[in-house]
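Here is the structure we will look at, set down as C-alpha cells.
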Number of protein chains: 2
Amino acid sequence: MANQFGTKIKQLREANHLFQREIASALNTDTPMLSKIERGERKAKKEQVPLFEKILKVKKHELLTLWLADQVLELVSNEPVALKAIDLAQREIKGLTLNRS
Amino acid sequence: MANQFGTKIKQLREANHLFQREIASALNTDTPMLSKIERGERKAKKEQVPLFEKILKVKKHELLTLWLADQVLELVSNEPVALKAIDLAQREIKGLTLNRS
DNA sequence: TTATAATTGTCTAATTATGACAAGTCTAAA
DNA sequence: TTTAGACTTGTCATAATTAGACAATTATAA
C-alpha cells in the first residue's frame, strides 16, 4: 500500500539494465533486502536514498521526494482527517518557509 | 519545533481549569509525562488522542488532526522538498479517496 | 516556610526496526 | 529434467528507538 519509491526504483533499475545484485552491493546490502524495498515490504533508510539517486542516475532529490511522500502516506492514509492534517502541515510549512525561495 | 498538539492541549486544559494531575490520571500516566507532551518533548500515543478529546471536551478528531499534522511536520519539515512530498501525498490520497465524501 | 503545580533528568523495560541468511520459486537454456 | 541465475519469502537474533516510572528540582503563591 503506497509504494511510490519502491515502484520507481524497480522501474529505473530495469530501464538501466541492472540486476538487484548490482545495486545491492553498491548499497552494502543484499538482494533480499533490495527486493523487499522494491516491493515496499521494508523501507529504504533515508541515507540510502541519495545512493539510489546516484546509481540510478536521476536528479538529486527526485527519489527523496517519493520516499518522503511514502512516509507521509503511511502516517495518514487511513485516517478520516488525512487531508485536513496534511493541509494543516502544509500551511505550517508555508508559514515557516516564507523567507525561502 | 512544531507542537500544535501539545500547545492546544495546554490551552484547553487551562480553559477547563484542570491540573495536569487530573488529565494524567484519566490517561493512566503521570504529570511528568503530560508535561512533556504539552511541551512537545514526548509525543502522545495515538490511542491517547481520543481520550484527550473526551476529557477536554472538543469534538472528535479535532485533536487527532493536530496530532497527525505534527507527525507529518516532524517527518518533512527540514527537507528541501517538503512541499513537493506533501503535495504528492495529497494527490495520492485524493486519488485513493475519490469514492468517499 | 510550607504546599501544590509543573518541569527536568535519568534509568530500565518494552517495542519496533534492521541485518543476515537459509530456503524457496520462477524462468530459460541446454 | 536438470542446471543456473534472478528474484522472493520466511525467520530470527540483535540493534536501535521509544515508553514508563520515579526521584529530584524549580516555580508560585499562600
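Residue numbering restarts at 1 for every chain, and letters A, B, ... go by the order of the sequence lines. Both backbone and side-chain heavy atoms feed into the values below; hydrogens, waters and symmetry mates do not.
A sub-4.0 Å separation between OP1 or OP2 of C:dT18 and a side-chain N or O of A:K43 is absent. Distances shorter than 4.0 Å separate some side-chain N or O of B:S35 from OP1 or OP2 on C:dT7. The shortest distance between the side-chain N/O atoms of A:R21 and the OP1/OP2 oxygens of D:dT8 is not below 4.0 Å. Between A:Q20 and D:dG5 there is no side-chain polar atom (N or O) within less than 4.0 angstrom of OP1 or OP2. Contact check, A:R39 against D:dT9: a side-chain N or O comes under 4.0 Å of OP1 or OP2.
Taking atom CD1 of residue B:I37 and atom P of nucleotide D:dT18, one finds them 15 Å apart after rounding to whole Å. If you take NZ of B:K45 and P of C:dA14, they are 13 Å apart, rounded to a whole angstrom. Rounding to whole angstrom units, CD of residue A:E47 and P of D:dA16 are separated by 12 Å. Rounded to whole Å, atom C1' of D:dT17 lies 16 Å from atom CD of B:E41. Atoms CG (B:N28) and P (D:dA19) sit 16 Å apart, rounded to a whole Å. Atom-to-atom, NZ of B:K46 to P of C:dT15 comes out at 18 Å; the value is rounded to the nearest Å. The nearest whole Å value for the distance from the CD atom in A:E38 to the P atom in D:dT8 is 6 Å. The CG atom of A:L34 sits 14 Å away from the C1' atom of C:dG19 (whole-angstrom rounding).
A:F5 and B:L75 fall within the same hydrophobic cluster, defined by Ile, Leu, Val, Met, Phe, Trp and Tyr side-chain heavy atoms under 4.5 Å apart, directly or through other members. By the rule that hydrophobic residues join a cluster once side-chain heavy atoms approach within less than 4.5 Å of another member, A:F19 and A:L56 end up as members of separate clusters.
Minimum heavy-atom separation, B:L34 to B:Q20: CD2-O, 3.3 Å.
The closest donor-acceptor contact from the side chain of B:E53 to the backbone of B:L64 lies under 3.5 Å. Between the side chain of A:Q71 and the backbone N or O of A:W67, at least one donor-acceptor pair lies under 3.5 Å.
Distance from the side chain of A:T31 is smallest to D:dT8 among C:dT7, D:dA19, D:dT8.
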Between protein and nucleotides 22-30 of chain D, map the contacts as a letter string: B base, S sugar-phosphate only, - none, heavy atoms under 4.0 Å, written 5' to 3'. BB-------
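Between B:K94 and A:L83 the shortest side-chain heavy-atom distance falls below 4.5 Å.
Here the straight-line distance linking atom NZ of B:K8 with atom CD of B:E38 works out to 13.5 Å at 0.5 Å rounding.
Mapping B:L18 and B:R42 onto DNA chain C by nearest heavy atom places B:L18 closer to the 5' end of the strand.
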